[in-house]
Every structure is written in C-alpha cells, then in structure tokens.
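Reading through the structure tokens given below for one structure.
All values below were derived from every heavy atom in this structure, side-chain atoms included, with hydrogens, water molecules and symmetry-related copies excluded.
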Amino acid sequence: MKFSAALLAASASATSADISGQLVAADTHFWTNAASITSNADSVLKSWGGKFDKAMDEAFHMCTKGAFVAVDTIWECGKKVTAATFDKNPSFNLMGRYATSQFNTLDTNADGKLTFNEFKRGFAGFFSTVGSTLVDIYDADGNGRLEGQENHAMHVGLNNIWDEFSSDKNRDLINPILNTWVGSDLDKNVDTLSKAEMTEQAILHSVPYFESA
C-alpha cells in the first residue's frame, strides 16, 4: 500500500484548528507513554540486538564531540533538529523536552550527564515512545497496530501536521518519508504497522537529520 505526498496533500481538508488539535493529542499521548517506555529502555535495546548502533552513534555525536552529554546539551541539540523539521513551531523541541523530563531516569549514576550507554537508553526510550504514540493516536479499533484506513489516516495526518508547522525548505527531507511504503517487514506484512515497526520507521527516517544537523 503506497500513498504519495501529492495525493495526500490534495485530499487533505483539515483546518489549522484540526491540525493543531492533532498535534496536541499526539503530545498528550507521548507524555502518557514516555515514563513507562523509558523505564523499559534496556529491554528495548536488547530486542534491537545492535540493529541501530550506527544511528545511535550518529545521534550522540550530533549533540557532542565529547564522551558525554548534559541535559542542556541535548536541549540545544533538539533545537537544531526542530529547526530542520518543525521550524514554524520552534518551541516544540520534542527531543529536548523528552530529555529534560526523563533525564533522572536515564542518568543511572546521578552524575548530571549521560555517557553514550546512558544516551542509548534515552534513544531507545524516545523513539519507542514516538512509535507507540503514532500507533495510539491513529489506532481507531484499538488492536495495537495500524491497518487499512488507519494507515491512510496516519499518512494524511502527518502530512497535514508537517505542512502546518514546517517550511517548504525542508521538503527535500520529508518527501521521501511521506512517499514511503506503509509498513515494515518485522511481521512479514507490509500492510500493517505495529508499534515496533513504527519505531523502526521513525528511526530510519530520522537518520538524514542526524547527518545534516
């Protein structure tokens, strides 16, 4: 199943108020999920089996050239990511807000900074929360995955949110995401999206930002 960005943009009829409401709903779901998922970050990392080690290394060194990051460092790093994505809504800074709210959980030795290993737990917690949240807000039947019209609604919703809060200058990076195949092959079914699959897509689609920030 494939949707084109042009088709989705043409079919979109949501008002600015509708789109802002969707973003508020997503933000609410995100924070509902964040604490419980982050506390389980070690299990998430174990399930990945090193699959995203390169992406985690790139994300870490996007934020620092040293051996650790502090919460204010991640906040500034998040501002860079927001500028490359939601530049019309610079206060959004989801990455920075996540780090601020979960820092004490991630900072296992309470020294006020995150080593790479601690940062990896944050990476796993953040992207798993993103993936779970995107499924939650579009999972109309509550079965824990997106399929059929739910996939369509997710693509239209993300396209609308992007157009509302991002400038055209960012389209070179976002268009491949909006034109992507729906689904992943974790369950050998490209027509459905589980939370694990949505997490994987969120990571893979974020890699260009790690490289360009």
Review point. About how many Å separate CZ of F127 and OG1 of T199, when rounded to the nearest 0.5 Å?
Key: 9.5 Å

Check your understanding: Quick check: does any side chain N or O of E197 sit under 3.5 Å from a backbone N or O of S194, one acting as donor and the other as acceptor?
Key -> yes

Check your understanding: Minimum heavy-atom separation for G112 to D107, with atom names?
Key -> N-OD2, 2.8 Å

**Study point:** Beyond-backbone contact of V69 with F116, side-chain heavy atoms, under 4.5 angstrom
**Key:** no

**Study point:** Under 3.5 Å donor-acceptor, D87 side chain and S167 backbone
**Key:** yes

**Study point:** Non-hydrogen side-chain atoms of K54 and D57 separated by less than 4.5 Å
**Key:** no

Check your understanding: Given K195, which of T133, N33, D136 fulfils the side-chain hydrogen bond (donor to acceptor under 3.5 Å, both in side chains) condition?
Key -> D136

Exercise for review: Look at the side chain of E150 and the backbone N and O of E147, then say whether any donor-acceptor pair between them is shorter than 3.5 Å.
Suggested key: yes

**Study point:** Closest heavy-atom pair and its distance - G125, A41
**Key:** N-CB, 4.3 Å

Practice item. To the nearest 0.5 Å, tell me how far H152 NE2 sits from Y138 OH. Key: 11.5 Å

**Study point:** Closest non-hydrogen atom pair between N151 and L146, with its separation
**Key:** OD1-CB, 3.3 Å

Check your understanding: Is the backbone of T82 close enough, under 3.5 Å, to the side chain of N93 for a donor and an acceptor to pair up by distance?
Key -> no

Check your understanding: Hey, does I74 have a side-chain heavy atom less than 4.5 Å from the side chain of L114?
Key -> yes

Review point. Do other residues, nucleotides or ligands put more than 12 heavy atoms under 6.0 Å from N104 CG?
Key: no

Exercise for review: Kindly indicate whether the side chain of C77, heavy atoms from C-beta on, has any atom under 4.5 Å from the side chain of M62.
Suggested key: yes

**Study point:** Approximate separation, where rounding is to 0.5 Å, of F30 CZ and L94 CG
**Key:** 4.0 Å

Point to revise | Nearest atoms (heavy-atom pairs only) where S128 meets I37 | key: CB-CG2, 3.5 Å

Check your understanding: Considering only heavy atoms from C-beta outward, does the side chain of F60 approach that of F123 to under 4.5 Å?
Key -> no

Review point. Do T85 and S166 touch side chain to side chain, with heavy atoms closer than 4.5 Å?
Key: no

Review point. Between F92 and R97, is there a cation-pi geometry (under 6.0 Å to ring centre, at most 45° from the normal)?
Key: yes

Review point. Checking side chain to side chain contact (heavy atoms under 4.5 Å, CB included) against R121, which of D42, V44, T38, N40 comes through?
Key: D42

**Study point:** Atom of C63, atom of M95 and distance for their closest heavy-atom approach
**Key:** SG-CE, 3.6 Å

Review point. So is K113 actually on top of F68's ring, under 6.0 Å and inside 45° of the axis?
Key: yes

Point to revise | Point-to-point distance, once rounded to the nearest 0.5 Å, from CD1 of I203 to CE of M56 | key: 7.5 Å

Check your understanding: Would you say the side chain of Y98 lies within less than 4.5 Å of the side chain of F103, judging by non-hydrogen atoms?
Key -> no

Practice item. Anything under 30° is parallel, anything over 60° is perpendicular, the rest tilted; go ahead and classify W48 against F52. Key: perpendicular

Check your understanding: Any side-chain heavy atom of N109 within less than 4.5 Å of one from E118?
Key -> yes

Review point. What's the spacing between S101 OG and L106 CG if we round to 0.5 Å?
Key: 8.5 Å

Practice item. Decide whether W75 and W31 are clustered together by the hydrophobic rule: side chain heavy atoms of Ile, Leu, Val, Met, Phe, Trp, Tyr closer than 4.5 Å, transitively. Key: no

Revision key, fill the gap. Closest non-hydrogen contact found for S36 with T32 is OG-O, 4.5 Å

Practice item. Return yes if some donor-acceptor pair links the side-chain N/O of D139 with the main-chain N/O of N143 below 3.5 Å, else return no. Key: yes

